[in-house]
Amino acid sequence: VTARSESQLSDAPSADLMGCLRDLSSHLVALPYESSSTYSIGSFPIQFQFGRNHLEQRICRAFEHLATEPHASASLTLAIHTCASAPRVRGFDLSIPQPSAESDVWLFHDFPWTFIVQRNGHVLCGIDLQKNRGWWFTAEANEIPYLERAAPLKQLLSLWLAEQGIFLVHAAAVGTDRGGALILGCGGSGKSTTSIVCALGGMIFAADDHCLVELDTFPKVHSLYSTAKLAIADTGRFPVLQTALKLDGRPDTEKEVFLLQHAPGVMVKRELLLRKVLLARIAHESYTRIRTATHAEAFKTLAPSCALHFPAHRMRALQCYSALIRQVPVYVLELGNDFARIPETIREFLDQ
Amino acid sequence: MLVQSGQYRVDRSKILFEQFEDETVLINTETGYYYSLSQEGSEILRLLDEGCPVEEVLFVLFGNPVHPLPVSDEIWSFLTRLRDEGIVTSSAAARGDSLAVIAGKSRYADSATYKAPLLERFDDVRELLLIDPVHQVDEEYGWPKAINTIDEAGNSKG
């Protein structure tokens, strides 16, 4: 991946685009919808209103485990549409200036609305942080990008949840009835493997790659997605997953995404009290060991997660991370290659 | 250019300043760089942040306002780097403590335990910020406002 400057363009402003986004907002939030569902995300009841029934299956599989009873007053209401339910949107000119890459995120501030344009204009969303009302739009339901379905509405939810004091982190989370562990580490440090072997080994699964942390009386980790990603070369290590439900439409270059709430014997939980923070490292030994870490080590491992947030929230996210690792004991998890022993080691450590 | 005399404080609008038991970590949320400070560096930054004027740092650390080279050079270079990295910004706030009170805390009076202050810069966070770049746009500034503009050399233009 090529790292580039966050802001290089200096073209003339596009008042038309801003006007289009405003009109689009007014249009989408007023449209009728065929069905609605409520999901408990970060303990907040969030109502999704689907312009077409099939959109829920298409978009929300990754947080099916967060589905809850309809709530009289949802904390946030999101309208989900495609051209099928919002045909007028075809008439809006939403072209993004070039050069723009698939990964570029365009953030438009137009008080009280914030608009997010992603994936070269193929995914659009907006949120009114005053009225806690928003929308998400893509042209065709069968063209929603694979990675968007693996971690749906990540930018929009991250923005709203950060306003509520709940911050997204790049971490796995597993636990027992007594509480959970947040497992941190850079790519390739063993987070996903650990969370999958723990989930298949009888522990509670909350996240493999992204989850939410909240500082409350007791720090908590909230599950966001029940998906677990594995490189194709690693899937053979977990025969039980061969029959587990996978996200369809995987491009050749992407990892397999398993919907773990449907995997045999896996317990997925919405939230865990946070008892330990573990910094994952591959040890190249048989045994898995756990040793004390310093707060600075833990903070430096957690700090890169601030990149998951928009600039306005990065400072608050870092302050939350700092407070978190001062409140929860931190350790290094030296992962051995005897996978069968990993759940046992972590479970015993959590239950101490 | 060397840092000027006067007072400087950590620019908390963009710098997170975290002191842990074994290390001090700073993160510039605009550029994505993070920094690790040695014990001496951390103490100097804390002194500045508490309102000690630059020209009095040597006096407070060593109990002597005129310290021989190279210590003096090391500290002035360090202070200049803090400013150039955007970690500290000039401050007009009046200092609370009197010089005599602060001088009483002099910790390196014998110079024996002193080591040159170190500021190490890392780019792990910066690389992540630039993988999915966020372009902020509003009507006043158009495409895109340079809230997070970083030039090719990695310096913040903001």
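Here is how names work: the chains are called A, B, and so on, in the same order as the sequence lines, proteins then strands, and each is numbered from 1. Computed over heavy atoms, backbone and side chain alike; hydrogens, waters and symmetry mates excluded.
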Within a strict 4.5 Å, meaning less than it, do heavy atoms of the B:Leu48 and B:Leu79 side chains meet? yes
With a 4.5 angstrom heavy-atom cut-off, which part of B:Ile27 approaches chain A: side chain, backbone, both or neither? side chain
Test your reading of the model: is there a side-chain donor-acceptor pair from A:Gln118 to the backbone of A:Val123, 3.5 Å cut-off? no
Check each atom of B:Thr24 against the heavy atoms of chain A and say whether the ones under 4.5 Å are side chain, backbone, both or neither. neither
Identify the residues of residues 321-331 of chain A whose heavy atoms come closer than 4.5 Å to a heavy atom of chain B, ordered by number, or report 'none'. A:Ser322, A:Ile325, A:Arg326
B:Glu18 versus chain A, the contacting section by heavy-atom distance below 4.5 Å: both
Could you tell me whether the side chains of B:Gln7 and B:Ser91 share a donor-acceptor contact shorter than 3.5 Å? no
Side chain proximity check, B:Thr89 to B:Tyr8, heavy atoms < 4.5 angstrom: no
Is there a side-chain contact between A:Trp113 and A:Phe108, using heavy atoms and a 4.5 Å cut-off? no
Sequence-distant partners of A:Arg281, salt bridge (Lys or Arg N to Asp or Glu O under 4.0 Å), two or more places apart: A:Glu297
Would you please say whether a donor-acceptor pair under 3.5 Å links the side chains of B:Glu40 and B:Tyr114? no
